[in-house]
Each structure stands twice: as structure tokens, then as C-alpha cells.
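Quick note: numbers below take in every heavy atom, side chains included, and nothing from hydrogens, waters or symmetry partners. Chain A is the first sequence line, chain B the second, and so forth, proteins listed ahead of strands; every chain is numbered from 1. Everything quoted here is computed from the prediction, not taken from an experiment.
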There are 2 protein chains.
Amino acid sequence: MAGIKDVAAAAGVSAATVSRVLNAHPSVSEDARARVLAAVAELGYRPNAVARSLRTAQTRTLGLVISDVMNPYFTELARSVEEEARALGYSVIIGNADESPRLQDDHVRTLLDRRIDGLLVSPTDGGSPQMLDAARTGTPTVFVDRWIADVDVPVVRADGRAAIRDLVAHLHGLGHRRLAIIAGPAATTTGSERVDAFRAALGEYGLELPEEYVGQGDFQVASGRRATEAFLALPEPPDVVFAADNLMALGALDAMRAHGLVVPDDIALAAFDDIPWFVHTDPPITAIAQPTRELGRAAVRALVALIEGRRARSLTLPARLVVRRSCGAPPPSEEARTTRTTRPSRPRKRSNP
Amino acid sequence: MAGIKDVAAAAGVSAATVSRVLNAHPSVSEDARARVLAAVAELGYRPNAVARSLRTAQTRTLGLVISDVMNPYFTELARSVEEEARALGYSVIIGNADESPRLQDDHVRTLLDRRIDGLLVSPTDGGSPQMLDAARTGTPTVFVDRWIADVDVPVVRADGRAAIRDLVAHLHGLGHRRLAIIAGPAATTTGSERVDAFRAALGEYGLELPEEYVGQGDFQVASGRRATEAFLALPEPPDVVFAADNLMALGALDAMRAHGLVVPDDIALAAFDDIPWFVHTDPPITAIAQPTRELGRAAVRALVALIEGRRARSLTLPARLVVRRSCGAPPPSEEARTTRTTRPSRPRKRSNP
DNA sequence: ATCCTCCGTGTAATCGATTCCACGGAGCCC
DNA sequence: GGGCTCCGTGGAATCGATTACACGGAGGAT
């Protein structure tokens, strides 16, 4: 493969001049520039990014470590991150932590070894040594979706509190009074936050959230199934199950079906995180949608700001309630809304009465 | 950040010796090794992968360019690729081509600039210059899922013909006679191959595949909807719609619902590519499942073989039919099969009567 | 006792770019 | 016309590792 010296030789100039042409340095004569460009084209020369990175100490690569790539929410996040990064001239190396702190640490370590310019993480657990260390020793870092307390790192996330309040209002309006929730791991911020918001919203209607109505999940399908089965075994099972993420909602739906229950007639279901497939389930599932693509973009922009030495602030975008049929009342025009939900073309604020 | 010289100084040896210790070179005294290891631990030294790559001319990075990350099939593929690569000591940079040859080319170019050791591609279209060039000029390359004719590159893919024959047998057994298919883009191999197999299987039952029963899709939801609407507008609409991928099947389901049709009573639906969500749709969708995780693993192993100078052969794994309710007959024990379909723990051969 | 071999180690070249510095020449001002 | 300032250019250092080569010393064979 042709190197910069070959180009220099072919153009009859020095390697320094070739470099200047390629990096748009002003001090190059029109004549030399033309000859270099011609040589580059003829040899099909492409600069070696590895060598460049060594010299300039920047790789124009971002590391993204997420908890579960198979979760559609994170898939969409990863996609928008990659898109925005590409637009800004960065590549992305993705690591899947699979909700395991050990794996997360492992990924962070390799990413650091590769001298990525910045790190985008949705931390799996209270914290993992490598990552905290990276953040503290100055590697530009941004948290997405989840975060870790007491670490001075910008956080880009959605605030579901208003939407959860809307959801509870919706459920209460439909006559539901016994509301249960399947929580995420207590260690994750999203896990505990959603429970708190749910309890607070219930409080506004004078409702309690008894201990047995809080199921322990881990954001995976199986845990949703287990928690729901526990609810159904209760002497007084809930009217509604609210799953703190999409996969657990699917598990819950499974369990309800297995018990021969009809949703929403016998029991209602709602989920945090909206995904295209919720439109096609039986019945379509009412969910709280995060502005996922915007989150991904914003996270990348914040991270790049940090990399370029600018300051970056945390950002919280509102989530919004998308009413479908799984809680009872058929929404006025599901079909129309459906198509838009599948692929939001632009960010929108919450839209509800 | 500490460099190899700092370690050398701290251990009282030369940089060469440090390097030898780190690379398990035999010629190092036990004493020196111990001192180096101690210095490494104390300084928290991590070798700079960029510098190492420049010198050794290998990055231990793989490039993966896929057509659509949001498609669950490719998501799963990407995940298994990343897993296997990690196990073999490689990182993966993922590029999303979004079914656009231009974007695909763009990704291949950046990956090549970064001097990745090997390229894993599911080509979007007949071919894109950069990629063909890469393959020809010796960059280790492996095609997954799709491929390009006349290019000497190993292909790892699933063979759906047997499963499609099983599907047609299943449909015919249920009394369906007017079978339609929504094809993928003609330019992709998977697009045309599935139609051919379908037509051949119909032939075995003395059935025709008329032109108006072949819908043109592009592997996206919207095209499935459009094609299905065209079918339904026909004077003699089909009994069954077979979608050549999962997203188009979802679009088809949408269109059927919009026309007030009940699946499978009024019309049947089947899909190529099985995904966890097909269990939760209304009704659960009969599909042809590819051994996705195995494909990802095999592709990585083939690519690494190429990289290490060994030979790699193409590999074709069989897909298998998973019967659910969308074509008519209720399968004996859906619930039991459901849980296993969600996450196959080990590869299985086709299991059907 | 002498020579040869092997082992552990250090010196220096190398990978392919970027960039600091010096230098020659052209143009400008006085 | 002499001195100054720029401008375009090339030489050489540099980034942080790996590795070919040389070298001194220990130990074995004769």
C-alpha cells in the first residue's frame, strides 16, 4: 500500500508538503498542491489513520458501552450515536456489557488501550473501577440513559416523571386502582427512579404502592415473567402491571397469557420504553416513549464538546405517554398514530391532553 | 499517561526488555520479569495499542458493515459477531449501511483507512467499488448473509430452501392454494434466492407463482404494507402472504389489519427470519429461523482464519421452520416452544415432522 | 586452558504520518 | 540598494511501541 513517501516522490516534493496539502495547510503553492493531488489520485493513496493517530494523539474514535444491544431501545440508541458520530467525523466501537459489570470493565479497558477520544456509557451497575478511573483521569466521558451518583460526568437522559404521572392519570381514569410495577435492578438509576416516580404519582391520587406490588426485575424478559407470576399468585392481584422496560413487559404479557388472562379485560399492561413492535402485539401496548434518537445525538454532541475542550452540560429530555389498547380504553385513531410512532422523523415535545 | 520508557526506568531495564516481558518472549530472566511486572502494576501501565498497531501492522480490529442495524436479525448477528471477535481478541467497528451503496462505500473506506485487519460485509447491492477493491487487493474479507457473485470471497449464510419447502408443505397441508410472496430487492442475493426457492417448492405441488403474486419489497416495514395492499386489491387475492424478511411481515400484518382481515382466518402470513417478537404478535407468526448466532460466530472464525493466513471456506447452515398460528393450524404446544425460541442456547438442526 | 554456544540484555532502526525549525528567495519599505 | 518580512519548502525530530542485531558473560565440550 502506497505511503506518503511514495506520493512525495511521485509529485517531486517532500513528505512534509504532501502532509500540508492533505491537511489544508495554507502555506502551499498552487503548483505543488496540484501535483500532489494528482499523485494522490494516481496512486490511490489513503493516509494511514494509525500513524496519524500516534502522532496527533487522537483517534477520532468513540467508545460506546451499553448494557444490552439486543434491547431495541439500546439498538436505536446505538444507531443514532453511530449516525451522529459519523456526521462529526468519528467512528464508534461498540461494546456490549450484557448487564455485567465485569464485561463492562473489560470493554472500557480495551477501549482505553485503543486510545479512543471519548467514552459513552450507560453504566450497568453502581460503578466499575476502570470506568470511574477513566472518567476521573480525564478521559472525556458522558453517561447516557443511566448514570452514577457522585461522579462529575455529564448525563444525557430522558425524564419519565411527567409521562409516568400521565400514565397513572390515564390508568386512574379508566378505573384501575390496584397498580403494580416491575422494577429494574435497584443498582441502576433508571431502576429506582421509575419506581419512585410511580409511587409519587400514585400518591397524588391517594393510592398506595404496597411492597408486594413492587416486583424485582433485571430488564430481561424472564424476570418480567417471574414478577408477573408472583403478582398473579397474590390473594389480591393488581389491576395493572407497569413494566419498567420493554423486555420485561413482553415477559409480563407471556405470563398473563399463560394464565389465560385477556389483556386488557382481565388485567392491564403498560411499559416504559416504546418500541415499534408494541404496535403489533396482542393487544398493542401502551408505553412511555423516550426521544431515543435525540438522546443519542445529544450524547455524542456533548461528548465531542468535551473532547474539543469545550464544556458540556447534562441534558434531560422529556419522555411522553403513547396510549394504545393494553390498558382498556381504545384510543381514537390508533392507526394514524401508529405509523408515526414507528419512526419519529423529528423530536416532539410531550403531546397529551 | 505512563509509557514503556517510564516502566523501563522504574524497573531499571531497557524498553526492549519491558516489551519482551509483555509479549511473553522467552529470553527474559526471572529477576527482570519480576521487576518489570512490579513496575507495570505500580504505574498502572497499559501499552498503547495505536503505537503497537503501527509497528506490527495489525490492529486486531474487525470491520462489520451491515445493511440495517435496526433489523433484529442483523442486531443479533452483530451481537454474536462482537462476542466471538472479543473471545478471539478482536474489537469490532460497526457501520450501518442503511441499504445504501453510497453509505456502504463510505464505511468501507473509513474502515480501510483505519487499517482494520478484516472486513465482514453483508453487501447492500450488486457491489460497491471500494468494497470490491478491498476484497481484490487482499484485505481479508468475508460475506455474511448476502454475497456478490463473481467475487472470490468466502460466504457464510443460511440456506432457506429446505425450510421454504417445509413451509410450502405446511401451507398446502392446511389447504392454502393461492400463495404470494413479498420479495426483497432483486439486487440482493437473499432477495432473489428466496423467491426462486418458493417458486420451486410450489412447483412440487403443481402450483404456479403468477407475476401478480410477487410483490416488490425492500426489506423495510413500509414496503411490506404496500405490497400487501396491492395483493388485497387483486380480483383474486392470495390465501397466504409470505414475506421475505421480518420487517416486511410486520408491514403486511399492518395492512391486513387495516383492511379488517383476521389472521389466519381470512388470510395467512409467514415470514423469513424469526425474531423474539413474533411470539407476541397477534397472532404469533410462523417463520423460518436462521441460526443467526452460529452464522455470526462462523463468519468471524472464517475471517480470522483468513487474517492469520489460513484458508477459509464458505459455509452454509440450514434454516428451519418454526410453526406458529399465523397460517391456521394451532401447533400442539406453542408455549413450550416459545421460551426456547426467544434465546436458543445451542444450535439445533431443523426440527419438523 | 581455549573455544564455542547460548542466553539475557541494550542500542538503534523502524512503522507512517505531523510539525517545528531553518533556509533561500521574492517583494516591500525606506 | 540594503535590510525586513513573508512565503513555500525540506530536513529532521517525534509519537510509543516492536524487533533485528550486537555484545558480554557464563557454562560446556574438547
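Of the options B/Val304, B/Val300, B/Val81, a side chain to side chain contact (heavy atoms under 4.5 Å, CB included) to B/Tyr90 is made by B/Val304 and by none of the others.
With rounding to whole Å, A/Arg20 atom CZ is found 20 Å from C/dG16 atom P. Atom-to-atom, CG of A/Leu22 to C1' of D/dT9 comes out at 16 Å; the value is rounded to the nearest Å. Spacing between atom CD1 of B/Ile4 and atom P of C/dG10 amounts to 12 Å, rounded to whole angstrom units. The CD-P distance, from A/Gln58 to D/dG16, rounds to 14 Å in whole Å. In this structure, B/Met1 places its CE atom 16 Å from P of D/dC15, rounding to the nearest Å. What separates CG of B/Asp31 from C1' of C/dT9 is a distance of 12 Å, to the nearest Å. Computed from coordinates, the A/Lys5 NZ to C/dA17 C1' distance equals 10 Å when rounded to whole Å. Rounded to whole Å, atom C1' of D/dG16 lies 13 Å from atom CG of B/Asn23.
Between B/Ser29 and the phosphate of C/dG8, there is no side-chain N or O to OP1/OP2 separation shorter than 4.0 Å.
At a threshold of 4.0 angstrom between heavy atoms, the contacts of A/Ser19 include nucleobase atoms, whether or not backbone atoms are also involved. A/Ser27 comes within contact range of at least one nucleobase, with a heavy-atom separation under 4.0 Å. Looking at heavy-atom distances under 4.0 Å, B/Ser14 makes contact with a base. Residue contacts for B/Ala32: at a heavy-atom cut-off of 4.0 Å it reaches the sugar-phosphate backbone alone, with no base atom in range. The residue B/Thr56 sits close only to the backbone: its heavy atoms come under 4.0 Å of sugar-phosphate atoms, none of a base. At a threshold of 4.0 angstrom between heavy atoms, the contacts of A/Val13 are confined to the sugar-phosphate backbone, with no base atom among them.
A side-chain N or O of A/Ser91 and one of B/Arg114 form a donor-acceptor pair less than 3.5 Å apart.
Comparing the axis of the opening five pairs of the helix from C/dA1-D/dT30 to C/dC30-D/dG1 with that of the closing five pairs yields an angle of 50°, rounded to 10°.
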Which donor-acceptor pairs under 3.5 Å do side chains of residues 42-52 of chain A form with protein atoms, sequence neighbours excluded?
from: A/Arg46; atom 1: NH1; to: B/Asp113; atom 2: OD1; distance (Å): 3.3
from: A/Arg46; atom 1: NH1; to: B/Asp113; atom 2: OD2; distance (Å): 2.7
from: A/Asn48; atom 1: OD1; to: A/Val50; atom 2: N; distance (Å): 2.7
from: A/Asn48; atom 1: OD1; to: A/Ala51; atom 2: N; distance (Å): 3.2
from: A/Arg52; atom 1: NH1; to: A/Asn23; atom 2: OD1; distance (Å): 3.4

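A heavy atom lying under 4.0 Å from DNA chain C marks the following residues of residues 46-55 of chain A, by number: A/Pro47, A/Asn48, A/Ala51, A/Arg52, A/Leu54, A/Arg55.
Side-chain contact check for A/Leu303 versus A/Pro140: some heavy-atom pair is nearer than 4.5 Å. Within the 4.5 Å cutoff, the side chain of B/Ser80 has no heavy atoms near those of the B/Thr292 side chain. B/Leu295 is listed as a side-chain neighbour of B/Leu317, based on a closest heavy-atom distance under 4.5 Å. Side-chain contact between A/Arg136 and A/Thr141 is absent, with no heavy atoms from C-beta onward closer than 4.5 Å. Looking at A/Leu120 and A/Leu62, their side chains never come closer than 4.5 Å, going by heavy atoms from C-beta outward. Put simply, the side chain of B/Gln104 does not reach to within 4.5 Å of the side chain of B/His107, judged on heavy atoms.
Here A/Asp98 contributes atom CG and B/Glu82 contributes atom CD; the two are 9.5 Å apart, rounded to the nearest 0.5 Å.
Side-chain N/O atoms of A/Arg115 and base N/O atoms of D/dG16 include no donor-acceptor pair closer than 3.5 Å.
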